[in-house]
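Reviewing the structure listed below.
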Amino acid sequence: MMIFSHFGIQVMIYVKVYDSQDEPAVSKLANLIPLPLKKFQKKDYSLAISVSEMGISDEEWERLQKALDWPGPDQQITQLNLSTSPVHSTFSIVELKKSYKVGDNISVIITARDHNKNLKRYGGDFFKAKLFNSELKASVYGEVVDHRNGTYSVVLLLPWEGQAQVFVRLEHSSEVVQILKKYRQSSFPRSHYNGHFEGLGPNKTRISEVVECNLKWGGEGSWRKHNCCCEYKDIKTGTVWQCERPKKLPCDKLVYHSKGGTENPLNPFEKQFFAKTLTNVRIIGDIQIINILPNTAGNGTIERCRSGLMTPVPAGFYLKDVWKSFVCNTQQFDSAQMWKCLKNKIVYMMGDSTTRQWFEFLEKKVPGIKRMNLHTPRLAGPLMAVELKNNIIIHWRPHSVPLRFTIMPMTNLHYIANDIDKIAGGPHVVVVFTLFAHLVFHPITFYVHEVAKIRQSVVALLSRAPQTTIIIKSGNTAGIKDIFQSDWYALQENTVMKEMFRDIDGVIYFDIWQMTSCHYLTENIHPGPVIIANAISMFLSYVCPA
């Protein structure tokens with residue numbers, strides 16, 4: 001075993017030697033190879049992962065550590081009243097004027113206080129901020145800058161004519177983020193899964209068994225079972241999935257996968273910090289109306305949508321429920337325009353149910369398109385829709401395990417990297433993928449590993465077919481704000497995805513986070529129809545730029 005350190009985090013490399021008598025089981029699952037079976041010992045959920053296991057260089061890992069850095073308490077918090085209070089934390093607008101012009105900015109200062117009304121002396125609170133006008137159905141996202149001393153600042157653009165107000169909420173205190181980081185860095189199995197085995201039993205009758213399964217990542221992985229394990233390794237990605245050994249059937253009879261229960265790692269003291277009264281709560285501040293006058297200078301020209309464009313903050317704003325992008329010239333597509341844009345296109349959508357929402361939207365809006373009966377579950381897929389006159393084909397399929405979906409055949413679960421490897425590409429091909437919601441239950445190092453494999457496949461695809469359109473859909477905000485699916489986890493994953501693809505020419509990074517953070521609809525893992533409609537217009541603006 002070798003130990004080295006990155007930014008104070010110890011990283012251990014383990015070298016395992018298997019006895020020559022250990023024989024791997026035989027698997028009939030596509031692209032999966034069972035590994036030698038071992039007895040698992042009692043463990044403490046510490047997690048040690050090497051840079052090589054993640055599939056990146058030392059330099060990239062250091063860069064990612066810097067990008068992911070998030071301040072927090074300088075000591076262990078032992079009292080709830082020392083944590084950040086949404087009731088006593090406030091915001092104020094700096095030198096508020098009687099009026100502004102479209103295109104001006106305002107500055108907002110957020111001051112964090114604990115439950116004793118004392119000023120916080122360290123950063124790490126997870127605040128969200130926006131500017132809004134309910135009557136105009138207008139809003140714009142503001143990025144919160146942490147000054148690491150209990151104060152935060154936000155610069156908010158004034159992009160529309162009329163009135164506006166500032167809205168700030170505390171999603172999580174810095175103490176909660178400290179807890180989130182603790183369990184993200186462990187192998188504690190917050191999410192469980194089921195493996196459904198089917199085959200012939202001892203008396204030649206067909207039997208089935210359901211056992212628990214989970215990801216193997218680091219050491220023995222997320223497991224505490226006494227009867228362990230069947231292990232399945234994906235050839236391309238190297239990802240290892242493990243299931244408790246069935247009592248009657250062999251390891252090669254794993255047929256179906258489904259989500260299992262969740263397991264809360266929080267102790268009673270930690271649970272107090274996640275109380276609803278402390279989570280995702282609006283904080284008080286200057287409620288004055290901001291008056292915004294027209295600006296004859298205008299906002300300048302916007303260039304056509306393409307790869308290689310930077311995503312500014314804000315990336316755009318809503319006005320009358322229509323997203324106005326600052327990235328590129330976004331068009332609004334009606335059904336006929338969608339039909340024309342997608343002519344002779346094959347669209348491959350991969351990921352989770354948020355990309356399935358895009359598939360379902362196009363299925364409803366594109367004239368003449370019909371879903372083919374692939375004899376697969378309507379929600380779990382894979383799905384395909386075709387329109388013969390304009391030769392439009394749209395695919396959607398979920399990514400592979402870990403995945404919290406209904407029961408579905410293992411053979412239908414493909415790693416995104418593997419599917420991209422099977423695409424020839426070309427000017428008629430559009431690939432859009434997302435990877436976030438189902439990975440928040442697992443260590444960020446595993447997420448880095450998965451993104452590294454996808455990146456490798458994307459680079460190969462662009463090498464053989466550089467005219468292929470490749471779009472990464474970022475993760476969005478969600479309604480759940482707890483130890484299982486906190487937005488803080490998704491935000492960190494977005495950071496990893498953006499950083500790891502920032503130098504890859506030909507890839508479009510599509511920021512959905514800002515679009516869902518500032519909209520008036522209640523945040524949901526499945527964004528509302530108006531958000532989906534605007535996202536599709538943005539998506540098609542890249543496919544058919546003006």
Side-chain angles (χ1 to χ4, degrees), residues 102-103 138 140-141 157 159-160 295-349 355 358 361-362 365-366 390-394 420 423 425-434 458-459 461-474 476 494 497-498 501-516 518 530-546:
V102 170
V140 65
Y141 171 82
L157 177 69
W160 62 80
N295 189 344
T296 54
N299 292 322
T301 58
I302 300 278
E303 64 177 302
R304 68 197 300 268
C305 296
R306 57 175 177 81
S307 64
L309 298 177
M310 296 296 293
T311 303
V313 178
F317 68 100
Y318 288 104
L319 179 61
K320 298 180 180 178
D321 256 348
V322 174
W323 180 256
K324 312 284 187 178
S325 174
F326 291 137
V327 178
C328 57
N329 185 20
T330 308
Q331 310 159 65
Q332 293 299 306
F333 289 79
D334 59 24
S335 292
Q337 291 167 326
M338 291 180 192
W339 183 69
K340 183 179 179 181
C341 173
L342 293 174
K343 183 177 181 179
N344 291 321
K345 292 288 193 298
I346 303 176
V347 182
Y348 296 95
M349 294 183 175
T355 45
W358 287 23
F361 184 92
L362 292 172
K365 296 294 184 179
V366 176
N390 264 9
N391 192 31
I392 301 168
I393 305 174
I394 304 176
I420 292 175
I423 296 173
H428 62 287
V429 174
V430 180
V431 177
V432 55
F433 67 86
T434 192
V458 166
V459 169
L461 172 55
L462 288 172
S463 177
R464 64 180 175 266
Q467 290 181 292
T468 308
T469 301
I470 300 178
I471 298 174
I472 302 172
K473 184 185 80 64
S474 81
N476 53 260
N494 284 346
M497 184 70 78
K498 185 184 294 185
F501 274 92
R502 73 176 189 180
D503 297 325
I504 308 300
D505 293 334
V507 176
I508 297 158
Y509 183 82
F510 183 6
D511 190 331
I512 296 290
W513 178 268
Q514 294 192 42
M515 295 180 72
T516 53
C518 70
V530 64
I531 298 175
I532 297 297
N534 280 288
I536 291 294
S537 285
M538 188 82 183
F539 162 64
L540 293 176
S541 295
Y542 282 110
V543 177
C544 303

Please report the closest heavy-atom contact between [X] and [Y], naming both atoms and the distance.
{"X": "Ser307", "Y": "Gly506", "value": "OG-CA, 3.5 Å"}
{"X": "Gly425", "Y": "Leu461", "value": "CA-CD1, 3.9 Å"}
{"X": "His428", "Y": "Asn344", "value": "CB-O, 3.3 Å"}
{"X": "Pro314", "Y": "Leu157", "value": "CG-CD2, 3.9 Å"}
{"X": "Met338", "Y": "Val366", "value": "CB-CG2, 4.1 Å"}
{"X": "Thr355", "Y": "Lys473", "value": "CG2-CE, 3.8 Å"}

Interatomic distance, [X] atom [atom1] to [Y] atom [atom2] [nearest 0.5 angstrom]:
{"X": "Gln514", "Y": "Ser474", "atom1": "CD", "atom2": "OG", "value": "8.5 Å"}
{"X": "Ile512", "Y": "Met538", "atom1": "CD1", "atom2": "CE", "value": "8.5 Å"}
{"X": "Asn391", "Y": "Leu342", "atom1": "CG", "atom2": "CG", "value": "11.5 Å"}
{"X": "Asn476", "Y": "Ile532", "atom1": "CG", "atom2": "CD1", "value": "7.5 Å"}
{"X": "Trp358", "Y": "Phe539", "atom1": "CH2", "atom2": "CZ", "value": "6.0 Å"}
{"X": "Ser537", "Y": "Gln337", "atom1": "OG", "atom2": "CD", "value": "9.0 Å"}

Please report the C-alpha distance between Trp160 and Val140 in whole Å, then the side-chain angles of each, then the deciding distance to 0.1 Å, and finally whether the side-chain contact (heavy atoms from CB on, under 4.5 Å) criterion is met.
-> CA-CA 10 Å; Trp160 62 80; Val140 65; 4.2 Å; yes
[X] versus [Y]: any side-chain heavy-atom pair under 4.5 Å?
{"X": "Asn329", "Y": "Arg304", "answer": "no"}
{"X": "Cys518", "Y": "Phe317", "answer": "no"}
{"X": "Tyr509", "Y": "Asn494", "answer": "yes"}
{"X": "Thr330", "Y": "Asn534", "answer": "no"}

Are more than 12 heavy atoms, taken from residues, nucleotides or ligands other than [X], located less than 6.0 Å from that residue's [atom1] atom?
{"X": "Lys365", "atom1": "NZ", "result": "no"}
{"X": "Gln332", "atom1": "CD", "result": "yes"}
{"X": "Asp505", "atom1": "CG", "result": "no"}

Sub-3.5 Å donor-acceptor pair from the side chain of Asn295 to the main-chain atoms of Val102, do we have one?
->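 Judged by distance alone, yes, a pair lies under 3.5 Å.
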Short question: side chain of Asn390, backbone of Ile392 - any donor-acceptor pair under 3.5 Å?
->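 Side chain of Asn390 to backbone of Ile392, a donor-acceptor pair under 3.5 Å: no, none is there.
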Apply side-chain contact (heavy atoms from CB on, under 4.5 Å) to Phe333 and Ser541, showing your working.
-> CA-CA 9 Å; Phe333 289 79; Ser541 295; 3.6 Å; yes
Between Tyr318 and Trp323, how do the two ring planes meet: parallel, tilted or perpendicular, split at 30° and 60°?
->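 It falls in the perpendicular class, over 60°.
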Mind running side-chain contact (heavy atoms from CB on, under 4.5 Å) on Met515 and Phe510 for me, showing each step along the way?
-> CA-CA 10 Å; Met515 295 180 72; Phe510 183 6; 3.9 Å; yes
Assess the pair Phe433 and Tyr348: is the distance between their ring centroids shorter than 6.0 Å?
->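 Aromatic pair excluded; centres sit 6.0 Å or further apart.
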